[in-house]
Amino acid sequence: METKVALVTGSNRGIGFEVVRRLAEQGYLVYLAARRPGAAEEAAGELSGRGLAVRPLVLDVTQDESVRRAREHVEAESGRLDALVNNAGVLLDEDRRLPGLELPIEAVRATYEVNTFGPLRVTQAFAPLLVRQGGNVVNVSSVMGQLASAGPGYLAYRSSKAALNMVTRVLAAELKPHGVRVNAVHPGWIRTRMGGPEAPGRPEEGAEPIVWLATLGPDGPTGGFFGPGNRPLDW
Ligand SMILES: NC(=O)c1ccc[n+]([C@@H]2O[C@H](COP(=O)([O-])OP(=O)(O)OC[C@H]3O[C@@H](n4cnc5c(N)ncnc54)[C@H](OP(=O)(O)O)[C@@H]3O)[C@@H](O)[C@H]2O)c1
């Protein structure tokens, strides 16, 4: 059987790094994508040094040109993509500190660029490859994007993930006739630079539902929102 290929954005550290490791351990060739070339090479080297099929890829999800070059590289080198994990995300310091009423619009825009437009931009670019394989798209979202649970604060992060959830639904409907599944996932509250030292979950645990969705077969769900334990979540 031919080797399956996966790409994980923002995977030089945190949850994304563990997703790369787990997919590679399952036999995938995985592109470890990061916006900084040095970070991609260092992190990919750590895993390929352990015998895993992991390749560095420079990909800034906010830059059209960067995404285009990454797509051309994957197409020329591997000729296929079976799983795209839109993992890159930001939670800006101002967004943690300031109420929505005082948050500069520029901070909201910068958050949307990574968390919402990023996954859309990358999925648009790689869709033709995913369609060829009948692959999976996984959008790493958050329960902070659930409309029902919204409270004060974190306006940019919350609304960027709520919008990502809708992007997930629309793309799932559009790609369904082409055999591509698109799902959103909440990894849990995980100890990473974003999650902070108080978070109860380890990155390995956060990777679990993401890897499950990235490796779904043709009968798997699409247009869903899932959390730890692969449990369905309300939007
Ligand atoms: N940790 C949690 O508790 C938690 C909970 C719910 C959802 N999530 C979601 O899980 C995902 C991963 O988060 P994490 O906790 O692993 O965070 P993290 O450790 O802060 O990692 C974020 C990753 O995104 C990358 N990134 C940021 N901007 C980028 C850009 N423009 N292009 C490409 N990559 C970019 C970062 O790269 P640099 O190293 O270059 O900055 C880093 O690799 C995010 O989507 C987050 O919203 C996390």
Side-chain angles (χ1 to χ4, degrees), residues 8-23 32-36 38-40 42-44 46-47 59-62 85-119 122 138-165 168 183-214 225-231 233-235:
V8 186
T9 66
S11 56
N12 50 297
R13 59 185 166 92
I15 297 167
F17 182 80
E18 284 304 319
V19 173
V20 171
R21 189 174 64 76
R22 293 275 304 273
L23 287 171
L32 185 154
R35 56 180 159 173
R36 293 171 290 116
E42 192 181 329
E46 193 180 325
L47 295 174
L59 198 168
D60 184 330
V61 303
T62 67
V85 180
N86 287 310
N87 167 78
V90 290
L91 168 50
L92 301 182
D93 286 342
E94 304 123 284
D95 196 22
R96 292 183 195 263
R97 265 189 299 113
L98 297 173
L101 280 170
E102 293 169 27
L103 189 63
I105 293 292
E106 204 31 66
V108 183
R109 204 190 309 276
T111 303
Y112 277 49
E113 274 297 342
V114 181
N115 293 4
T116 313
F117 306 151
V122 176
V138 186
N139 291 329
V140 183
S141 184
S142 170
V143 287
M144 302 258 297
Q146 278 178 315
L147 292 173
S149 70
Y154 298 96
L155 181 141
Y157 186 78
R158 284 186 202 274
S159 59
S160 72
K161 294 294 192 182
L164 175 62
N165 286 352
T168 302
N183 290 289
V185 60
H186 167 64
W189 184 19
I190 304 297
R191 264 189 317 280
T192 61
R193 207 173 294 173
M194 183 187 290
E198 307 298 316
R202 290 175 292 117
E204 296 90 306
E205 295 169 78
E208 272 172 31
I210 301 174
V211 169
W212 170 64
L213 290 170
F225 187 23
F226 298 91
N230 306 342
R231 277 192 294 277
L233 297 172
D234 290 335
W235 297 104

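Being a predicted model, the structure only gives us computed values, none of them experimental. By convention here, the first residue in the shown sequence is residue 1.
- The main-chain N or O of Gly10 is found under 3.5 Å from a side-chain atom of Asn87 such that the two form a donor-acceptor pair.
- Across all their heavy atoms, Phe17 and Ala43 have their closest contact at CE1-O, 3.6 Å.
- Between the OG atom in Ser141 and the CD atom in Gln146 there is a gap of 8.5 Å [rounded to 0.5 Å].
- Considering every non-hydrogen atom in both Thr168 and Ala184, the closest pair reads CG2-N, 3.5 Å.
- Side-chain atoms of Asp95 come within 3.5 Å of backbone N or O of Leu155 as a donor-acceptor pair.
- Arg158 places a side-chain N or O within 3.5 Å of a backbone atom of Gly153 that can act as its donor or acceptor partner.
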Checklist entry - Taking it one step at a time, do Glu102 and Glu94 satisfy side-chain contact (heavy atoms from CB on, under 4.5 Å)? => result CA-CA 9 Å; Glu102 293 169 27; Glu94 304 123 284; over 6 Å; no
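- Ring geometry for Tyr112 against Phe117 counts as perpendicular: the plane angle is over 60°, on a 0 to 90° scale with 30° as the lower cut.
- Of the possible donor and acceptor atoms, none in the side chain of Arg191 sits under 3.5 Å from a partner among the backbone N and O of Pro197.
- Not a single donor-acceptor pair under 3.5 Å links the side chain of Glu18 to the backbone N or O of Gly206.
- Ile210 CD1 to His186 NE2: the interatomic distance, rounded to the nearest 0.5 Å, is 10.0 Å.
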Item to check | Derivation of the side-chain contact (heavy atoms from CB on, under 4.5 Å) call for Val185 and Val140 | outcome: CA-CA 5 Å; Val185 60; Val140 183; 4.2 Å; yes
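- Residues Asn165 and Gly145 approach most closely at ND2-O, 4.0 Å, considering heavy atoms.
- Judged by distance alone, with hydrogens and angles left aside, the side-chain atoms of Arg231 form no donor-acceptor pair with the main-chain N or O of Phe226 at under 3.5 Å.
- Note: Thr111 OG1 to Lys161 NZ = 10.0 Å, rounded to the nearest 0.5 Å.
- Contact record, Ala207 with Val19: CB-CG2, 3.8 Å, taken as the closest heavy-atom pair.
- Side chain of Thr116 to backbone of Ser160: a donor-acceptor contact under 3.5 angstrom is found.
- Considering every non-hydrogen atom in both Leu32 and Ala40, the closest pair reads CD2-O, 3.8 Å.
- Checked against Val114 for a side-chain contact (heavy atoms from CB on, under 4.5 Å), the options Val61, Leu91, Leu92 give a single hit: Val61.
- Minimum interatomic distance between Val211 and Arg22 (heavy atoms only, all atoms of both residues): CG2-CB, 3.7 Å.
- Judged by distance alone, with hydrogens and angles left aside, the side-chain atoms of Asn86 form no donor-acceptor pair with the main-chain N or O of Thr9 at under 3.5 Å.
- Within 6.0 Å of atom CD in Glu42, 12 or fewer heavy atoms from other residues, nucleotides or ligands are found, so the atom counts as exposed in its surroundings.
- Put simply, the side chain of Trp189 gets close to the backbone of Gly195: a donor and an acceptor are under 3.5 Å apart.
- In this structure, CD1 on Ile15 lies 11.0 Å from CD on Glu204, to the nearest 0.5 angstrom.
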